[in-house]
Amino acid sequence: MNKLRIALTKGRLEKDTVLLLEQLGYDCEAVKNKGRKLVLPIKNTNIEVVLAKANDVITYVENGVCDIGVVGKDTIMEMGGQFYEVLDLGYGRCRFAVAAPRGCRFYDGFEVKRIATKYPAVARRFFEGKCMDVDIVKIEGSVELAPILGLSDAIVDIVETGTTLKENGLEVIEEVADISARMIVNIASMKLKKPEIEELLTKIESFRKGKTA
Ligand code: PRP
């Protein structure tokens, strides 16, 4: 049996994915007690789990050093790449939105607006789709700070509960896209390790059917 290497996005998606794997019957003890280890075996299987940052999950899968990846649609929309997106896993749900200081009438006026974001490609595509010229400033985190400090008129960012926006005097102006965790597969692996990959996908699908039945 071929070895399957799965890259998991560290953090929020990691927990939900481990839970899913456990519900499928996989022994995830090594992943749960990983310490500082980054490559973890799933006991009594041909599966190995790798923990990585979201962008790196895509890089590893694209380059074929991991066969499968679990990554947010936000990262896929920003990075793109050559791989198959095979499954919407249904967890890690949130949305991309344009947000601005409460009551600011963001779309008024003719001056070029400045947008701060961790996702410049997503923001650029969104405003291009509206034929709206904007300046985009790339920020690495806590993007909500940019309009507060006066660096930008608005942000394009992930909204989950809306608490961060609310507590910082911002509001959603417009929704950009829904986001959730996706399973991606390397193009060559899909051919070379078809039975192993199909077995995992079938397990996930029948588990979900069982849940909704
Ligand atoms: C994300 C996002 C928002 C926040 C939204 O940030 O960029 O800041 O979560 O969540 P909420 O709607 O539930 O408040 P993250 O925690 O990933 O940190 P970062 O901004 O430093 O990247």
Side-chain angles (χ1 to χ4, degrees), residues 6-20 31-32 34 36 38 49-62 66 69-81 85 87-107 113-130 132 134-184:
I6 306 182
L8 291 193
T9 302
K10 279 197 277 191
R12 290 178 215 196
L13 296 187
E14 179 185 333
K15 272 195 192 140
D16 286 337
T17 309
V18 166
L19 180 64
L20 172 67
V31 188
K32 292 207 296 195
K34 60 183 183 291
R36 301 290 295 169
L38 300 169
V49 168
V50 167
L51 297 172
K53 285 210 165 203
N55 289 2
D56 299 338
V57 166
I58 291 189
T59 304
Y60 292 140
V61 170
E62 253 200 311
C66 292
V70 174
V71 65
K73 182 70 180 177
D74 53 328
T75 309
I76 295 175
M77 284 174 69
E78 181 63 22
M79 273 187 73
E85 185 183 322
L87 213 54
D88 180 345
L89 291 164
Y91 49 80
R93 284 194 185 284
C94 51
R95 57 212 159 105
F96 268 132
V98 181
R102 207 173 290 129
C104 81
R105 301 170 72 94
F106 169 72
Y107 285 117
K113 300 288 195 298
R114 191 178 255 202
I115 309 295
T117 186
K118 271 191 285 188
Y119 301 89
V122 171
R124 188 163 297 115
R125 271 202 308 274
F126 178 73
F127 287 106
E128 268 172 14
K130 291 176 159 304
M132 192 172 153
V134 294
D135 280 340
I136 292 176
V137 188
K138 170 95 197 284
I139 297 288
E140 293 299 332
S142 301
V143 179
E144 294 84 358
L145 265 177
I148 295 174
L149 299 179
L151 178 67
S152 74
D153 299 292
I155 61 174
V156 168
D157 198 20
I158 288 172
V159 180
E160 194 179 348
T161 60
T163 311
T164 313
L165 291 182
K166 202 169 166 207
E167 293 193 0
N168 290 289
L170 306 174
E171 66 181 358
V172 170
I173 302 290
E174 202 172 342
E175 309 277 335
V176 175
D178 287 327
I179 294 168
S180 56
R182 305 296 160 102
M183 184 166 276
I184 62 173

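The figures here come from the full heavy-atom set of this structure, side chains too, leaving out hydrogens, waters and symmetry mates. Counting starts at 1 for both ligands and their atoms, following the listed order.
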(message) With a sphere of 6.0 Å drawn around CG of Asp178, does it hold more than 12 non-hydrogen atoms of other residues, nucleotides or ligands?
(response) no
(request) For atom CZ of Phe126, decide whether the heavy atoms of other residues, nucleotides or ligands shown that lie under 6.0 angstrom number more than 12. (result) yes
Need the list: ligand 1 N/O atoms against protein N/O atoms, distance under 3.5 Å, rounded to one decimal.
unit_1   : atom_1 : unit_2 : atom_2 : d
ligand 1 : 7 (O)  : Asp157 : OD1    : 3.1
ligand 1 : 7 (O)  : Asp157 : OD2    : 2.7
ligand 1 : 8 (O)  : Glu144 : OE1    : 3.3
ligand 1 : 8 (O)  : Glu144 : OE2    : 2.6
ligand 1 : 12 (O) : Glu160 : N      : 2.8
ligand 1 : 12 (O) : Thr161 : N      : 3.0
ligand 1 : 12 (O) : Gly162 : N      : 2.7
ligand 1 : 13 (O) : Thr161 : N      : 2.8
ligand 1 : 13 (O) : Thr161 : OG1    : 2.5
ligand 1 : 14 (O) : Thr164 : N      : 2.8
ligand 1 : 14 (O) : Thr164 : OG1    : 2.4
ligand 1 : 16 (O) : Arg12  : NH2    : 2.6
ligand 1 : 17 (O) : Arg12  : NH2    : 3.3
ligand 1 : 20 (O) : Ser142 : N      : 2.9
ligand 1 : 21 (O) : Ser142 : N      : 3.3
ligand 1 : 22 (O) : Lys118 : NZ     : 2.3

(request) Could you list all the side-chain hydrogen bond (donor to acceptor under 3.5 Å, both in side chains) pairs where at least one residue sits in residues 115-124, not counting sequence neighbours? (result) Asp74-Tyr119
(request) Let me see the working for Leu151 and Ile139 under side-chain contact (heavy atoms from CB on, under 4.5 Å), right down to the final yes or no. (result) CA-CA 10 Å; Leu151 178 67; Ile139 297 288; 3.8 Å; yes
(request) Identify the residue among Val98, Ile173, Leu165 that makes a side chain to side chain contact (heavy atoms under 4.5 Å, CB included) with Ile155. (result) Leu165
(request) Please report the closest heavy-atom contact between Met183 and Val70, naming both atoms and the distance. (result) CE-CG2, 4.2 Å
